[in-house]
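Data first, discussion second: the structure below is written as structure tokens.
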Amino acid sequence: GLCLYFYNSQAFFSGQTLFDDFYLSCYNILFTSLPVLAIGIFDEDVKYKMVRKYPRVYEQGALRNEYFSFFPVRTMWVLNAFYAAIVNFLLVMMAYGYDADKENGKVTGLFSMGTCLYTTIVITVNIQIALILDHWTIFHHFAIWGSILVWFLFLIVYCLLYTSDA
């Protein structure tokens, strides 16, 4: 969402979208849901035996809600989202620039730039998910790297089905 806002600030808030609608529809379903589920199911920061031996370990989260307090945790994630969006957007904008780069003297299309930016977003989100893991399992590897692979496979199939002569 933030990348779209940054793009629209460059496009004079015209409402033009940078991403294909189908990409946006599939984002939470295909490209980022599996890693989140894998973390929720398989990530363990404390071993089962330790929890059974010391049940007060979970008081920080369950009773005192220390891990979900507004300022330290949520604020850092919001700042992280702004930072990631700005970096991804600026890198793609600088890479594409405003120069004519096709043989006919035209600039690369909006679809190409949006797809490149969307690719950086999918990779960034999945790598950020990988960085917060405390305990890696085969399911985490499958979910995180598989989601990135699914994006590229989806992109190949979608581009083969949707071609234009523009």
For Tyr118, the option from Phe19, Tyr158, Phe89 that meets ring-ring contact (aromatic ring centres under 6.0 Å, His included): Phe19

Side-chain heavy atoms nearer than 4.5 Å, only ILVMFWY residues, links allowed to pass through others: does that put [X] and [Y] together?
X: Leu131; Y: Phe142; value: no
X: Tyr27; Y: Ile127; value: yes
X: Trp136; Y: Val125; value: yes
X: Leu34; Y: Ile132; value: no
X: Val150; Y: Val36; value: yes

Tell me the closest heavy-atom pair linking [X] and [Y], and the distance in Å.
X: Asn126; Y: Val122; answer: ND2-O, 2.8 Å
X: Ala38; Y: His140; answer: O-NE2, 3.2 Å
X: Ile129; Y: Ile39; answer: CG2-CD1, 3.2 Å
X: Ser33; Y: Asn28; answer: CB-O, 2.9 Å
X: Phe152; Y: Ile123; answer: CZ-CD1, 4.1 Å

Test item: side-chain donor near acceptor, His141 and Trp145, under 3.5 Å: yes

Ser147 side-chain N/O to Thr32 backbone N/O, donor-acceptor pair under 3.5 Å: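 No, because the side chain of Ser147 does not come within donor-acceptor range (under 3.5 Å) of the backbone of Thr32.
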
Can you measure from [atom1] ([X]) to [atom2] ([Y]) and round to the nearest 0.5 angstrom?
X: Leu133; Y: Phe42; atom1: CG; atom2: CZ; answer: 12.0 Å
X: Tyr23; Y: Leu155; atom1: OH; atom2: CG; answer: 4.5 Å
X: Ile144; Y: Ile148; atom1: CD1; atom2: CD1; answer: 8.0 Å

Given Leu117, Thr115, Val87, the one that forms side chain to side chain contact (heavy atoms under 4.5 Å, CB included) with Val92: Leu117

Aromatic ring proximity Phe31/Phe154, centre distance under 6.0 Å: yes

